[in-house]
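Below: the structure, in structure tokens.
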Protein chains: 2
Amino acid sequence: MRLTTKGRYAVTAMLDLALHEGKQPVTLQDIAINQEISLSYLEQLFALLRQAGLVRGIRGPGGGYRLGQSAGRVSIAEIISAVDENSDMTRCGGKADCQQGEECLTHELWTELSEKIYQFLDDISLKDLLQRPRVCEVAERQEGRRKAAIKQGAAAQTVTFDGHSIGGT
Amino acid sequence: MRLTTKGRYAVTAMLDLALHEGKQPVTLQDIAINQEISLSYLEQLFALLRQAGLVRGIRGPGGGYRLGQSAGRVSIAEIISAVDENSDMTRCGGKADCQQGEECLTHELWTELSEKIYQFLDDISLKDLLQRPRVCEVAERQEGRRKAAIKQGAAAQTVTFDGHSIGGT
DNA sequence: TAATTTCCTATTTATTTACTTGGTTTTTAT
DNA sequence: ATAAAAACCAAGTAAATAAATAGGAAATTA
């Protein structure tokens, strides 16, 4: 269990999906704007999330992503694990041969900590996060911005050149 | 509280000092060999540890490093904090303005986790680690190797060229 | 048929870790 | 005194990873 912005991005994006459970699928474009993550980086992350069965992609206009399982079933630990491929706590994780075939001095400590972190994060589901007041507040603020952006975008939406949109961010 | 090999190296090295509390100071050379960490990298880490008052350097032959405080007083969290300068959990740590001046969706989650990890590591002192059977085993194994190396080295010790030792690893 | 979106692959840039090099100072022992 | 052993110091390099970029192909909808 390694903790980086990569995992944080993934959790944030998944939470965005969870906020729209049952509604329209969410596009990566949308997440990119709202959560301030680069679109292509999101694509990379979602490729991993899809492999892990955590999301389902829907192609074509009106498409986007949906959760692969219900928000109550997905733990934060699962999300981070899916995205952090070598989560071996840098050398000292699964195998105990970090010290010329044997354990290093602090091996036990790191595996223990790693487990603790995993347990903590595995005990929190996306649904749990949705129920937190702080998260709700931020979500509503973002939802407001989202709608405003759509209203603005409705006029400018057709402004494209060679398939690339001009104007807007 | 960020967890990297950097912090792990620091804790391992500090534990090595703790194992020799009351005895001769331990040289970085010694730690480098036993814990398989590059000498100069250790020097960098120890510069930080010294700034934090966690170690005391003793110059000259027969010198080395000693703990700055007794092993029971030094927590693992302190060691990692001393070495990981920007332990801001990558963007989302101290300040709550990760999202254009406001909190991001998962802000609360990360600060919470960060605190949990800190608490866990702050509750473990070097002395606590010394009392673990697994740690003792590894320490004894290393102590054996250490003595063997000294015996071997006694003869080859003078083999130097331009002040740089030749032979050995 | 055109637009929208996922999906895919490769490359580039930036950052950080880890290591290296080449010193200087201080202290001890011969 | 002198040489050796150590801490101390300052750059620079290499490697790994994160993050972003670029340029598409395939699927789906309107």
Side-chain angles (χ1 to χ4, degrees), chain A residues 2-10 12-13 17 24-32 35-51 55-66 80 83-88 90-91 153 157-165, chain B residues 2-10 12-13 17 24-33 35-51 55-66 68 83-88 90-91 150 153 157-165:
Chain A
R2 230 173 13 149
L3 300 166
T4 63
T5 53
K6 202 175 181 182
R8 220 188 73 227
Y9 279 169
T12 306
L17 294 196
Q24 288 275 312
V26 188
T27 68
L28 292 189
Q29 184 67 253
D30 210 43
I31 298 176
Q35 312 306 338
E36 296 176 357
I37 308 171
S38 117
L39 174 60
S40 297
Y41 196 40
L42 274 175
E43 283 181 343
Q44 286 172 43
L45 298 182
F46 272 72
L48 295 167
L49 293 172
R50 198 163 53 85
Q51 274 174 39
V55 298
R56 260 178 32 233
I58 299 146
R59 290 177 162 198
Y65 280 95
R66 280 230 174 77
I80 293 178
V83 146
D84 269 22
E85 334 173 50
N86 27 315
S87 66
D88 63 348
T90 33
R91 226 170 281 175
Q157 215 162 25
T158 46
V159 183
T160 59
F161 178 70
D162 262 17
H164 300 287
S165 75
Chain B
R2 229 173 11 146
L3 302 165
T4 63
T5 52
K6 203 174 180 180
R8 220 188 73 228
Y9 280 169
T12 306
L17 293 197
Q24 287 276 310
V26 187
T27 67
L28 293 187
Q29 185 68 252
D30 209 44
I31 297 177
I33 292 167
Q35 311 307 337
E36 295 176 358
I37 308 170
S38 115
L39 174 60
S40 298
Y41 195 42
L42 274 175
E43 283 181 342
Q44 285 171 43
L45 297 182
F46 271 72
L48 296 166
L49 292 173
R50 199 163 52 86
Q51 274 173 40
V55 298
R56 259 178 34 231
I58 299 145
R59 290 178 161 198
Y65 280 96
R66 280 232 173 77
V83 146
D84 270 21
E85 344 186 35
N86 26 315
S87 66
D88 61 351
T90 35
R91 223 166 284 175
I150 291 168
Q157 217 163 25
T158 47
V159 183
T160 58
F161 179 72
D162 262 18
H164 300 286
S165 74

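In what follows, chains are A, B, ... by sequence order, proteins preceding strands, each numbered from 1. In this text, all values refer to a predicted model and were calculated from it rather than measured experimentally.
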- Message: Could you report the tightest heavy-atom contact between B:V83 and B:A10, atom names first, then the distance?
- Response: CG2-CB, 3.6 Å
- Quick one: label A:L28 by what it contacts on the DNA or RNA (base, sugar-phosphate, nothing), any heavy atom closer than 4.0 Å. sugar-phosphate
- Scanning both residues in full, the closest heavy-atom pair of A:P25 with A:I58 reads CB-CD1, 4.0 Å
- Note on the structure: With sequence neighbours left out, the residues meeting side chain to side chain contact (heavy atoms under 4.5 Å, CB included) with B:E43 are B:L28, B:S40
- Nearest whole angstrom, please: distance from the P of D:dC8 to the CG of B:L49. 11 Å
- Item | Set of side chain to side chain contact (heavy atoms under 4.5 Å, CB included) partners for A:Q24, sequence neighbours left out | none
- DNA chain D: A:G60 or A:G7, which has the more 5' nearest nucleotide? A:G7
- Note on the structure: Heavy-atom nearest nucleotide on DNA chain C taken for A:G62 and for B:P61; more 5' hit belongs to A:G62
- What is the distance from CG of B:L39 to P of D:dA7, rounded to the nearest Å? 8 Å
- Candidate pair B:F46 and B:L17, rule side chain to side chain contact (heavy atoms under 4.5 Å, CB included), full reasoning: CA-CA 12 Å; B:F46 271 72; B:L17 293 197; 3.9 Å; yes
- Separation of A:I31 atom CD1 from C:dT6 atom C1', in whole Å? 12 Å
- Item | Distance in angstrom units between A:L45 CG and D:dA20 C1', rounded | 11 Å
- In whole angstroms, how far is the C1' atom of C:dA14 from the NZ atom of A:K6? 15 Å
- Item | Interatomic distance where CG belongs to B:L48 and C1' belongs to C:dT17 [whole Å] | 13 Å
- Message: Using side-chain heavy atoms (C-beta onward) and a distance below 4.5 Å, is B:L48 in contact with B:Q44?
- Response: no
- Query: Within the structure, does a side-chain N or O atom of B:Y9 lie under 4.0 Å from either OP1 or OP2 of C:dC19?
  - Reply: yes
Check nucleotides 7-11 of chain C against the protein and report each pair of N or O atoms closer than 3.5 Å, with its distance, or say if there are none.
from: C:dC7; atom 1: OP2; to: A:R50; atom 2: NE; distance (Å): 3.4
from: C:dC7; atom 1: OP2; to: A:Y65; atom 2: OH; distance (Å): 2.5
from: C:dC7; atom 1: O4'; to: A:R59; atom 2: NH2; distance (Å): 3.3
from: C:dC7; atom 1: N4; to: A:E43; atom 2: OE1; distance (Å): 3.4
from: C:dC7; atom 1: N4; to: A:E43; atom 2: OE2; distance (Å): 2.6
from: C:dC8; atom 1: OP2; to: A:R50; atom 2: NH2; distance (Å): 2.4
from: C:dC8; atom 1: N4; to: A:E43; atom 2: OE1; distance (Å): 3.1

- Query: Angle class for the B:Y41/B:Y9 ring planes (parallel below 30°, perpendicular above 60°, tilted otherwise)?
  - Reply: perpendicular
- What integer distance in Å separates A:L17:CG from C:dT5:P? 15 Å
- Query: The side chain of B:Y41 lies closest to which of these nucleotides: D:dA4, D:dA7, C:dC19?
  - Reply: C:dC19
- Interatomic distance, B:D30 CG vs D:dA6 C1' [rounded to whole Å]: 12 Å
